[in-house]
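One structure below.
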Amino acid sequence: MAEDREQRYEPTVIEAKWQARWAAEPALYAADPVTSNKPKYYVIEMLPYPSGALHMGHVRNYSIGDALARHMWMRGYNVLHPMGWDAFGLPAENAALKNNTPPREWTLANIAAMKRQMQRLGLGYDWATEVTTCLPDYYRWNQWFFLRMYEKGLVYRKKSKVNWCPECATVLANEQVIDGRCWRHEDTFVEQRDLEQWFFRITAYAEELLEGLDKLQGWPEKVRTMQRNWIGRSEGTEVDFWLAERINEGTEKSEPAAERKRIRVFTTRVDTIFGATSVQLAPEHPLVAAMTAADSALRAQVNKLIDEQKKAKEAGDIGAIEKHGVPTGHFAINPYNGEQVPIWVANYVLMDYGSGAIMSVPGHDERDFEFAKKYAIPIKRVIAPRDPQAEEPELPFVAEDGVLVNSGEYNGLSCAQAQKKLQEMAARGGFGEAKVIFRLKDWGVSRQRYWGTPIPMIHCDRDGLVPVPDAQLPVLLPHQIEITQQGGSPLGRVPEFVHVKCPKCGDAARRETDTMDTFVDSSWYFYRYTDAKNANAPFDSKVANYWFPIDQYIGGVEHAILHLIYSRFWTKVMRDLGMVKNDEPAQRLFTQGMVIKDGAKMSKSKGNVVSPDDMVERYGADATRMYALFAAPPDRDLDWQEDGVAGVSRFLGRVWRLSTKHMAAARAAKGAATGTPSGVSLKLLRKLHQTIAKITLDFEGRWHFNTCVAAIMELVNDMQAADAQLTSGEVPAPVLYELLRSLMLLLAPFAPFLAAQMWNELGEEAAVLRAPWPKSDPILAKEDEIEVPVQVNGKLVSVVRVPAEASGKDIEATALAEEKVQVRIAGKSVVKIIVVPGKLVNLVVK
RNA sequence: GCCCGGAUGGCGAAAUUGGCAGACGCAGCGGACUUAAAAUCCGCAGGCCUUUACCGGUCGUGGGGGUUCAAGUCCCCCUCCGGGCACCA
């Protein structure tokens with residue numbers, strides 16, 4: 001009975017022991033100081049939101065990062081592998097409402113629980129550098145950065161239409177609106193509201209954010225493409241159409257004259273401007289307001305258009321909506337040819353892109369064509385094919401490689417030439433210029449929420465906006481607060497918070513009550529890791545410059561635009577503040593695939609969630625982690641199959657039994673030379689060195705950890721198959737020792753608990769993490785005999801064994817001598833023989 | 001509509017440079033051990049045809065075409081699935 005129990009692999013017992021030991025020895029996972037002479041390696045997984053429990057996506061993410069970190073430690077790098085908490089955010093307030101728990105307590109309790117889970121998983125983090133964004137230690141630096149950016153003109157306040165989620169009762173950034181709905185409330189349509197908001201001038205960096213993408217070779221192409229689309233750079237021309245005289249009749253005198261005089265349109269195809277047969281305004285264009293001021297019938301029609309546009313935006317399928325327009329009865333003058341064209345208001349023209357007005361060229365634009373057909377607006381041909389012989393193409397003709405016709409003095413120019421000339425003309429005439437516009441908008445950071453970083457600004461009736469002086473930071477978030485569902489900033493209902501003295505004049509003033517978007521927190525947290533305890537600055541530049549850029553950043557692709565653009569922006573701002581030297585935060589980015597179950601993403605609503613705790617309890621942390629790496633390559637989606645976890649657990653049990661069985665013999669031979677191996681010993685050592693080579697190579701780039709695990713399984717299978725020889729002593733003890741020792745080194749990144757245990761049993765005092773990664777001996781790894789397939793006309797006929805160094809001629813001779821080959825080619829003539837040494841032989845016969 | 005991925009046994013997958021398709025694992029089947037079961041160990045295992053059996057034949061990486069001595073891999077066309085973008089002027 002007692003012996004039976006000894007034979008069983010009990011991961012929970014081993015893992016509990018090592019977990020306790022690691023907790024007592026935090027230096028094990030700590031980075032060396034920046035004076036270290038080892039090369040540095042900075043690897044991080046994206047920090048989680050402390051929702052209360054890890055999910056499988058986290059487990060997968062961290063298993064990848066931890067395997068890499070452990071491998072790099074063993075490769076002799078000075079590794080920084082930290083973890084933190086993206087701890088501000090709405091769920092804490094929702095939980096407060098639901099359970100009457102203060103957000104702070106709820107959040108800190110969740111952090112504690114998730115930290116326990118991480119430790120239970122054996123993740124090797126340097127907890128001394130832990131960052132918790134909801135603590136004043138951290139968020140005071142958000143405020144500090146806000147003030148620096150304010151000084152630099154990168155923070156401003158403006159009244160603007162903002163995305164308002166009625167469910168969150170707060171403003172959302174553009175990036176947080178998905179198909180017209182809130183990113184947190186998929187069923188809730190976002191409303192547009194007018195509010196005074198704080199903005200970060202991210203557009204000041206639009207060009208650099210775009211250009212930088214080309215240099216980020218270590219980032220997935222997909223992410224770079226998504227960011228490129230998001231930034232949405234568009235080169236074109238701004239042109240002012242003049243308003244025809246009669247528009248002034250009947251308009252209110254109070255309208256600003258400048259707005260009455262011209263309509264600025266943006267176009268990427270100024271070369272088609274002679275074909276413009278109308279000007280289309282966005283329904284919310286200021287000029288429309290002027291035009292409808294004295295025309296209630298028109299106003300009603302425009303309101304309808306606004307309504308349609310809003311509905312289309314909300315529905316998300318705006319591309320499918322039917323185009324509608326209303327003629328205003330007013331006219332605009334094309335500045336190039338003096339032609340008068342009607343001014344329309346259209347539901348498909350957006351106020352927040354370009355100038356909110358376009359010229360409509362139905363002859364050379366699909367959308368304009370459709371619109372012109374519908375409303376019988378004239379259609380003009382102004383571009384012809386380059387080849388004069390070519391037939392006149394049907395309209396709309398959207399080609400950009402044609403030549404201009406019906407365009408006055410510009411006739412005969414290519415589209416590109418014409419664009420340039422027309423731009424020059426506009427500049428000279430003062431009615432336009434070449435212009436680059438971006439889809440990227442400034443980052444609205446105001447949130448009318450409690451659980452976030454207070455914005456360090458004060459409203460004074462005399463001095464206006466006054467920044468909180470640095471010496472008064474942090475502006476602390478009050479803890480005693482009642483969370484309610486009412487609109488407006490909860491902080492506005494805390495008088496002690498709101499009422500302050502103006503730092504300038506000392507009179508009574510009001511504190512800003514908005515808090516910052518939580519994406520501010522995650523935009524620079526990885527810098528704080530490098531100097532997490534610094535009380536005088538966000539971090540010491542010397543330290544950050546040692547660690548940055550991040551060598552490897554690992555996370556989900558869902559952060560491709562939000563977090564990853566904001567943090568690139570932040571890095572550039574910090575660089576311009578002289579705080580860091582790097583232009584980009586991360587050298588390499590890896591986006592792992594999703595964890596799915598039964599063909600769908602794990603989610604509570606689908607009821608297909610697998611709890612990591614459950615897996616760890618039943619199979620152990622090693623098996624859970626190793627399965628997460630084994631079931632699929634890390635960049636692909638992973639289908640969670642519990643039977644697979646059980647399989648990995650069985651494998652680890654096999655490793656455990658095999659090593660336990662031979663431990664005494666192996667340990668006794670510790671340090672002895674293996675001599676010149678032969679027979680089974682040689683076969684096993686050869687397999688070992690091939691496995692080392694394969695796994696080492698994978699860590700260096702490809703990261704197909706699934707095949708790394710498979711390779712270890714093959715090695716163990718071979719050892720198991722040689723169990724008799726291992727037992728009998730046919731395989732000498734020093735070889736046995738070498739095999740077990742190396743096996744533990746190879747397992748260390750994937751199954752750290754088992755590796756630590758067996759490493760210890762092999763008589764090692766120091767941590768396996770401190771042992772050097774094994775080196776593959778190319779001579780030992782080399783096969784002396786190889787199998788070469790022999791094909792006849794491309795079909796496999798036989799396999800011959802030849803010495804590994806056999807020449808092409810020798811292989812050919814051996815292949816031809818093979819009986820099965822002889823039978824196949826008998827009576828036929830061999831036309832050609834292809835011999836690829838080490839690969840195959842193919843006989844072409846007729 | 002545009003831009004990225006992807007499609008290989010019953011399932012997850014492998015094949016790193018164009019060179020034996022299906023490594024490794026799961027599920028399955030057979031055997032050993034056991035009173036029995038579990039656990040463990042050993043073995044079989046892409047489909048079809050043929051054969052008592054062995055042997056053998058043939059088809060096969062979403063579909064169709066092509067290049068090549070040789071294609072899961074390269075080229076052209078198409079289908080389906082996942083993701084991103086989209087009246088962006």
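Lettering of chains follows the sequences in order, A, B, ..., and the numbering in each one begins at 1. These numbers come from the heavy atoms of this one structure, side chains and all, not from hydrogens, waters or symmetry mates.
The side chain to side chain contact (heavy atoms under 4.5 Å, CB included) with Thr328(A) is formed by just one residue from the set Val279(A), Leu287(A), Val345(A), Val288(A); it is Val345(A).
In this view, Glu819(A) satisfies the salt bridge (Lys or Arg N to Asp or Glu O under 4.0 Å) rule with no residue, not counting sequence neighbours. Under the rule for a side-chain hydrogen bond (donor to acceptor under 3.5 Å, both in side chains), the partners of Thr203(A) that lie at least two apart in sequence or sit in another chain are Asp442(A). For Asp698(A), the salt bridge (Lys or Arg N to Asp or Glu O under 4.0 Å) partners at least two apart in sequence or on another chain are Lys694(A), Arg702(A). In terms of the side-chain contact (heavy atoms from CB on, under 4.5 Å) criterion, residue partners of Glu400(A) (sequence neighbours excluded) are, by chain and number, Arg269(A). Listed by chain and residue number, Glu322(A), His324(A) satisfy the side-chain contact (heavy atoms from CB on, under 4.5 Å) test with Lys374(A) (two or more places apart in sequence, or in another chain). Partners of Asp614(A) under the side-chain hydrogen bond (donor to acceptor under 3.5 Å, both in side chains) rule, at least two apart in sequence or in another chain, are Arg618(A). Applying the salt bridge (Lys or Arg N to Asp or Glu O under 4.0 Å) rule to Glu207(A) yields the partners Arg233(A); only residues at least two apart in sequence or on another chain are considered.
With C20(B), G56(B), C87(B) as the candidates, the nucleotide lying closest to the side chain of Gln791(A) is C20(B).
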Just the dot-bracket of RNA chain B, please: which string comes out with Watson-Crick or G-U pairs under 3.5 Å, [ ] for crossing, | for another strand?
-> (((((((..(((......[....))).(((((.......))))).((((......))))..(((((..]....))))))))))))....
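Residue Asp643(A) places no side-chain atom within donor-acceptor reach of the base of C26(B), judged by atom type and a 3.5 Å distance cut-off alone.
Under the 90° criterion around 0 for the glycosidic angle, G9(B) counts as syn.
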Let me have a per-nucleotide readout for nucleotides 7-17 of chain B, 5' to 3', with B, S or -, counting only protein heavy atoms under 4.0 Å.
-> ----SBSSSB-
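Put simply, CD on Glu714(A) is 11 Å from C1' on G25(B), counting in whole angstrom units. Going from atom CZ of Arg439(A) over to atom P of C2(B) covers 19 Å, rounded to whole Å. Trp230(A) has its CH2 atom 6 Å from the P atom of A86(B), to the nearest Å. Rounding to whole angstrom units, CD1 of residue Ile231(A) and P of C85(B) are separated by 14 Å. Distance, Lys222(A) NZ to G84(B) C1': 6 Å, rounded to whole Å. A straight line from CE of Met719(A) to P of C42(B) spans 14 Å, rounded to a whole angstrom. One can place CD of Glu221(A) at 13 Å from P of C3(B), the figure rounded to the nearest angstrom. Per the geometry, CD belonging to Glu787(A) stands 16 Å off C1' belonging to A21(B), to the nearest Å.
Within the nucleic acid shown, Val648(A) has no heavy atom closer than 4.0 Å to any nucleic acid atom. Nucleic acid contact for Gly232(A): none, since no nucleic acid atom lies under 4.0 Å from a heavy atom of the residue. If you check every strand for non-hydrogen atoms under 4.0 Å, Val836(A) touches a base. When heavy atoms are screened at a 4.0 angstrom cut-off, Asp723(A) is found touching no nucleic acid atom at all.
U50(B) sits 49 Å from C2(B) when the P atoms are compared, rounded to a whole Å. Taking the C1' atoms as reference points, G46(B) lies 10 Å from A21(B), given to the whole Å. Taking atom C1' on both U40(B) and U34(B), the two are 12 Å apart, rounded to the nearest angstrom. One C1' atom belongs to A38(B), the other to U61(B), and the distance between them is 39 Å to the nearest Å. When the C1' atom is compared between A13(B) and A86(B), the two are found 36 Å apart, to the nearest whole Å. With P as the reference atom, U52(B) and A14(B) are 41 Å apart, rounded to whole Å. Remark: the separation of the P atoms in A37(B) and G31(B) is 11 Å, to the nearest Å. Nucleotides G9(B) and G1(B), compared at atom C1', are 37 Å apart to the nearest Å.
A 4.5 Å side-chain heavy-atom check between Leu216(A) and Val223(A) finds every atom pair outside the cut-off.
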Considering only nitrogen or oxygen atoms on both sides, find all protein atoms under 3.5 Å from nucleotides 39-41 of chain B and state each distance.
from, atom 1, to, atom 2, distance (Å)
U40(B), O3', Arg657(A), NH2, 3.4
C41(B), OP1, Gln720(A), NE2, 3.1

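The residues Glu221(A) and Arg228(A) are annotated as salt-bridged, a charged nitrogen and a carboxylate oxygen being separated by less than 4.0 angstrom.
Taking only side-chain nitrogens and oxygens, Asn717(A) comes nearer than 4.0 Å to OP1 or OP2 of G25(B).
The nearest heavy atom of RNA chain B to Lys832(A) and to Ile358(A) marks one nucleotide each, and the one closer to the 5' end goes with Lys832(A). A residue-by-residue look at Ala711(A) and Ser234(A) shows that Ala711(A) has its nearest nucleotide of RNA chain B further toward the 5' end.
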Residues Tyr348(A), Phe371(A); criterion ring pair (Phe, Tyr, Trp, His ring centres under 6.0 Å); working and verdict = CA-CA 10 Å; Tyr348(A) 67 90; Phe371(A) 193 85; 5.5 Å; yes
May I have the step-by-step check of ring pair (Phe, Tyr, Trp, His ring centres under 6.0 Å) for Phe750(A) and Phe699(A), ending in yes or no?
-> CA-CA 12 Å; Phe750(A) 306 110; Phe699(A) 267 113; 5.7 Å; yes
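Pairs passing the salt bridge (charged side-chain N to carboxylate O under 4.0 Å, His left out) check and including a residue from residues 797-808 of chain A, sequence neighbours excluded, read Lys782(A)-Glu805(A), Glu785(A)-Arg801(A), Glu787(A)-Arg801(A). Annotation: salt bridge (charged side-chain N to carboxylate O under 4.0 Å, His left out) contacts involving residues 704-723 of chain A, sequence neighbours excluded, comprise Lys661(A)-Asp723(A), Lys687(A)-Glu714(A).
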